[in-house]
*Asks:* 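Below you'll find the structure I mean.
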Amino acid sequence: MSTSSAAPESWISSFCSLIGHEYFAEVSEEFIEDDFNLTGLQTQVAMYKEALEMILDVEPEEDDEDEEEEDEEDESLIGEGGEVAGRERRHHSRMASDLSVIESSAEMLYGLIHQRFICSRAGMQQMSEKYELGHFGACPRTNCMQARTLPVGLSDIPGEETVKLFCPACLDVYVPPNSRFQTVDGAFFGRTFGALFLLTFPDYDLTKRGADVMQDITSRISGHPEILNGFFAKNIAPGLGAGHVYEPKIYGFRVSERARSGPRMQWLRERPGNINELDEARLFAEQNPESEDDEGANTNGRVAVVRRRAPGNARLRQRQQQLQQQRQNGSPMALSTNGAESEL
Amino acid sequence: MTALTNMEDYVSESDSDYTSYWRDWFISSRGNEYFCEIDEDYLTDRFNLTGLNTEVQYYQYALDLVTDVFDLDCEDDMRETIEKSARHLYGLVHARYIVTTRGLSKMLEKYKKADFGKCPRVACHSHPLLPMGLSDVPSVKPVKLYCAKCEDAYNPKSSRHAAIDGAYFGSSFHNIIFQVYPALVPAKSVERYVPRVYGFKVHAAASLVRWQSGRREEMRRRLRRLEVDTGFRDGDGEEGDEDGDVEFEGVDGRPAVVEGAPVR
Ligand SMILES: [Zn+2]
Ligand SMILES: [Zn+2]
C-alpha cells in the first residue's frame with residue numbers, strides 16, 4: 001500500500017518536483033492501480049514489477065527479515081545518489097546497481113503512464129489547471145501575444161524527441177526556452193494530448209495570457225460564439241491572419257514577393273479573412289448541389305469530409321446547453337468522427 | 001537597394017590599434033550580445049550622427065563618453081545620466097551603422113555564430129536569428145528576433161534582451177542583409193506541425209492547413225509565371241494529403257468516448 005502516515009514525499013510527487021519536470025501532472029494512484037490503463041506497458045519497461053512498486057511506494061513483499069540493516073543501508077544510498085527520503089524504506093533489499101536500473105525504469109514507466117493519464121478525464125483536468133495558470137509557458141512568436149502553450153510530444157515512442165510546446169493560437173510547435181526541458185522525453189506527453197486538450201476544452205480563450213488569468217480575468221469564451229468545423233470559429237488559430245502576419249519592409253516599403261529575398265512563408269501564418277471559407281462541407285455542397293450532403297465524396301482517392309448539419313441554429317443551441325452542463329459537472333470529452341469509416 | 005546608398009559607401013579599414021574602452025565595455029557587458037562594435041571613424045563622422053543631437057540628452061558629453069574623450073569631473077548622478085545617454089546614443093548610431101557595408105559584415109559574422117540565438121520553431125531546426133526592430137522610433141517597441149527560414153518574429157528568451165529598444169536595430173536591417181547577401185537566404189520548407197488525436201487530424205486545424213497550402217501553391221504558380229525562384233527546394237511541398245480522410249471534430253452534438261484512456 002502507499003505510504004501515507006507521517007507523509008514522506010511519495011515517489012510521484014518527488015519525481016514531479018524535480019527540476020525540468022514542471023510540465024508533468026501527478027498521475028493518481030487510482031489510475032495506475034487500474035491494470036487496464038497499463039495494458040501493453042509490461043513489455044516496454046525493464047523490471048516492470050519493481051518499477052511499478054517504486055512508483056507506488058509499495059514495499060517489496062519479501063523483506064520483513066532484514067529490518068535491522070535498514071539504517072546503515074539508507075546512509076549509503078543517500079550518499080550515493082542523493083536519493084529522496086521516502087523511497088529509502090524499500091531500498092534496503094536491493095543492490096544499488098539494481099536500484100539505479102529500477103529507478104530509470106520507474107521514470108520510463110511513469111512517463112508512459114503519464115502519456116495516457118493526461119488524455120484521461122482526471123489528467124486533462126489537472127493539465128487544464130496548469131494551462132490556465134500559464135505553467136507551460138507562452139508562445140515565443142511575437143504575433144501570438146504570449147498565448148499559453150501546451151507540452152506535447154512529436155512521437156509516442158520514447159527516446160525519439162524531447163518535449164515541445166504546442167501553441168493553439170498559431171498551431172505550431174516550439175522548443176521550450178529553458179534547456180532543462182531538453183532532456184525531457186516528448187513521448188511522456190505524447191502526440192495526442194495537445195489537440196485533445198483543445199477538443200476537450202473548446203471554450204478556453206486561447207488568446208489569453210497566463211498573467212491575465214492570475215489577475216482574475218476570465219479565461220473562457222463567453223456569449224454565443226459562432227461554430228465552425230467543430231470549433232468555436234474564434235478559437236481556430238486566433239494568432240494567425242490579417243494583423244498577425246509579419247510583413248518584411250525596408251525603410252517603410254514592403255519587400256516585393258518578386259525579390260529573391262521576398263516573402264515566401266506568409267501562407268504559414270495566414271487565416272482567411274472570412275473564416276467560413278474553411279467550411280469545406282458547405283462549400284462542397286454549394287458547388288455540388290446535386291450530391292447527397294452526408295456522404296463522403298471520393299475525389300482522387302481522398303474522401304472529402306462532409307458533415308451532416310442540423311438545420312438552422314439547432315446545433316449551436318444544443319452546444320450552448322452542452323457547454324453549460326460541462327461547466328456544472330466537469331468536462332466530458334466531446335469527440336466524434338465525421339461518420340466516415342477509418343481506412344488507416 | 002537605393003535606400004542604402006547614403007550610408008553604405010562608408011567603409012572604414014582603419015580601426016587601428018586605438019583602444020576603445022567605453023565601446024569595449026559596452027559590447028562585452030552582459031545583455032549587450034546583440035550589438036556589434038561601431039568603428040571609431042564612423043562615430044566621429046558628424047554626418048552619420050545627423051539629427052541625433054535632439055534625440056539624446058547631453059548629446060556632446062554622451063558622444064565624448066562613447067569615444068573615450070570624456071573626462072569631466074561631475075557628481076555620480078550626472079555621470080549616471082550621461083552614461084544612460086551614451087548607451088542610447090550608441091544604440092541609435094548602431095541602427096544606422098549595421099546597414100552600412102562594414103556594419104552588415106560585422107552582423108553577418110555574429111549571425112553565422114548564432115550570437116542572436118536560434119529559431120524556437122521546431123520545423124526551423126535551430127536556424128539562426130537576427131535582431132530586429134518593429135519600429136525605427138526609439139522607446140516604442142523592444143527588440144525582436146527574426147527567423148529568415150519561417151519569416152517570422154520571436155521574443156528573445158532572456159528578459160535582459162527583451163528589454164532592449166528595437167530602434168537600436170531598426171525595422172530594415174534584417175531584410176537588407178538578405179538583399180545584400182542573397183546567397184544567405186535559407187531554403188524555405190513546407191514542413192509543419194499538424195495536430196492529431198490518436199493519429200487522426202483535427203478537422204478544424206486540417207481545413208486551415210489545406211487552405212494555407214492552397215495559398216502557398218497559388219504563390220508558387222504566381223512566381224513560376226514570373227520566372228522568379230520560389231525559394232523552395234524542388235519537389236518540396238507537392239505532398240499529398242495522404243491521411244486526411246478521417247478527422248476528429250470537437251464541438252459537436254455527439255459526445256463520444258475517447259479510446260485508450262479510460263478512467264473507471
Ligand atoms: Zn503561437
Ligand atoms: Zn523559424
Side-chain angles (χ1 to χ4, degrees), chain A residues 31 34 116 119-122 140-142 164 171-175 177 191-192 194-196 198-199 202 227 229-232 236-237 246 248-251 255 258 260-261 263-265 267-272 277-278 280 302-303 305 315 318-319 332-338 340 342-344, chain B residues 3 120-122 144 150-155 157 171-172 175-176 178-179 182 185 188 192-193 195-199 202-205 207-208 211-213 215-216 219 222-223 226 228-232 241 243-258 260-264:
Chain A
F31 187 86
D34 185 337
R116 298 176 178 192
C119 291
S120 75
R121 190 176 309 220
R141 182 173 168 264
T142 302
K164 304 290 187 264
L171 299 178
D172 215 333
V173 283
Y174 300 96
V175 178
R191 292 201 307 164
T192 294
L196 187 56
L198 299 187
L199 297 173
I227 293 174
N229 291 344
F231 266 69
F232 287 126
I236 301 175
Y246 174 70
K249 287 182 185 169
I250 293 180
Y251 300 120
V255 180
R258 300 179 184 205
R260 167 78 179 84
S261 63
R264 298 287 184 273
M265 294 297 289
W267 53 272
L268 184 66
R269 305 310 195 188
E270 281 176 334
R271 179 185 192 263
E277 277 185 49
L278 298 182
E280 294 161 333
R302 182 170 92 72
V303 181
V305 174
R315 258 169 54 90
Q318 188 182 19
R319 184 56 199 159
M333 290 181 198
L335 271 188
S336 69
T337 61
N338 309 300
S342 170
E343 291 171 4
L344 299 181
Chain B
R121 183 172 172 263
V122 172
K144 301 295 172 192
C150 60
E151 299 172 9
D152 215 336
Y154 296 94
N155 303 324
K157 283 199 253 185
S171 62
S172 305
N175 294 315
I176 288 171
F178 292 104
Q179 295 216 332
V185 176
K188 302 298 154 87
R192 66 178 312 167
Y193 179 71
R196 284 168 201 271
V197 170
Y198 301 115
V202 176
H203 181 45
S207 62
L208 178 62
W211 181 86
Q212 290 174 330
S213 300
R215 297 279 295 170
R216 181 184 68 227
M219 174 193 74
R222 221 162 41 231
L223 292 173
L226 293 163
V228 177
D229 187 352
T230 64
F232 293 85
D241 199 5
D243 52 354
D245 45 357
V246 178
E247 290 167 6
F248 269 103
E249 280 196 20
V251 187
D252 196 292
R254 296 170 297 168
V257 176
V258 179
V263 189
R264 283 172 289 167

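Chain naming here is simple, since letters A, B, ... match the order of the sequence lines and numbering starts at 1 in each. Fair warning: this is a prediction, and the values are worked out from it, not measured in the lab.
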*Asks:* For the backbone of B/Pro182 and the side chain of A/Ser261, can you confirm whether one donor and one acceptor N or O come within less than 3.5 Å of each other?
*Replies:*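 The answer is no, because no donor-acceptor pair under 3.5 Å joins these two groups.
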*Asks:* Testing the basics here: between B/Tyr154 and A/Arg269, what is the closest heavy-atom pair and its distance to 0.1 Å?
*Replies:*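 Closest approach of B/Tyr154 to A/Arg269, heavy atoms only: OH-NH2, 3.1 Å.
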*Asks:* Is the number of heavy atoms from other residues, nucleotides or ligands under 6.0 Å of A/Arg260 CZ greater than 12?
*Replies:*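 Atom CZ in A/Arg260 is packed in, count exceeds 12.
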*Asks:* Under 4.5 Å heavy-atom distance to chain A, tell me which part of B/Arg121 shows up: side chain, backbone, both or neither.
*Replies:*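 It is both, since atoms from each part get that close.
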*Asks:* Restricting to side-chain contact (heavy atoms from CB on, under 4.5 Å), what partner residues turn up for B/Thr230, sequence neighbours left out?
*Replies:*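 Once residues adjacent in sequence are excluded, the partners of B/Thr230 under the side-chain contact (heavy atoms from CB on, under 4.5 Å) criterion are B/Arg220, B/Leu223, B/Arg224, B/Phe232.
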*Asks:* Quick one: pull up CZ in B/Arg216 and CZ in A/Arg264 and give me the separation to the nearest 0.5 Å.
*Replies:*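 One finds 14.0 Å between CZ of B/Arg216 and CZ of A/Arg264.
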*Asks:* Search all heavy atoms of B/Gln212 against all heavy atoms of A/Glu270 and return the closest pair with its distance.
*Replies:*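 Heavy atoms only, the tightest pair is NE2-O, 2.7 Å.
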*Asks:* Would you mind checking which part of A/Ile236 comes under 4.5 Å of any heavy atom in chain B, side chain (CB onward), backbone (N, CA, C, O), both or neither?
*Replies:*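 Side chain of A/Ile236 only, per the 4.5 Å heavy-atom cut-off to chain B.
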*Asks:* Ring of A/Trp267, cation from B/Arg215 - is the NZ or CZ under 6.0 Å from the centre and inside 45° of the axis?
*Replies:*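 Output no; distance or angle outside limits.
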*Asks:* Measuring from atom CG of A/Leu268 to atom CZ of B/Arg192, what distance do you get when rounded to the nearest 0.5 angstrom?
*Replies:*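 The CZ atom of B/Arg192 is 5.5 Å from CG of A/Leu268, to the nearest 0.5 Å.
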*Asks:* Measure distances from B/Val122 to the heavy atoms of chain A and classify the residue's part below 4.5 Å as side chain, backbone, both or neither.
*Replies:*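 Both parts, heavy atoms under 4.5 Å.
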*Asks:* Search all heavy atoms of A/Leu278 against all heavy atoms of B/Trp211 and return the closest pair with its distance.
*Replies:*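 In this case the closest contact between A/Leu278 and B/Trp211 is CD2-CB, 3.4 Å.
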*Asks:* So do A/Leu199 and B/Val202 actually touch side chain to side chain, heavy atoms under 4.5 Å?
*Replies:*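 B/Val202 reaches A/Leu199 side chain to side chain.
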*Asks:* Checking A/Lys249 against chain B: side chain, backbone, both or neither under 4.5 Å from a heavy atom?
*Replies:*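 Answer is backbone: N, CA, C or O of A/Lys249 sit under 4.5 Å from chain B.
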*Asks:* Go through the atoms of B/Leu226 and report whether side chain, backbone, both or neither lie under 4.5 Å from a heavy atom of chain A.
*Replies:*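 Contact with chain A is through the side chain of B/Leu226 alone.
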*Asks:* Does the side chain of A/Arg141 come within less than 4.5 Å of B/Asp152's, by heavy atoms?
*Replies:*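 When only atoms from C-beta onward are counted, A/Arg141 and B/Asp152 do touch, with a gap below 4.5 Å.
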*Asks:* For A/Pro248, what residues pass the side-chain contact (heavy atoms from CB on, under 4.5 Å) criterion, not counting sequence neighbours?
*Replies:*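 Checked A/Pro248 against side-chain contact (heavy atoms from CB on, under 4.5 Å); matches are A/Tyr246, A/Val255, A/Pro263, A/Gln266, B/Asn175.
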*Asks:* What pair of heavy atoms forms the shortest contact from B/His203 to A/Glu280, and how long is it?
*Replies:*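 Result for this residue pair: CE1-OE1, 3.6 Å.
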*Asks:* What are the two closest heavy atoms between A/Asn229 and B/Ala204, and how far apart are they?
*Replies:*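 That closest heavy-atom pairing would be O-CB, 3.6 Å.
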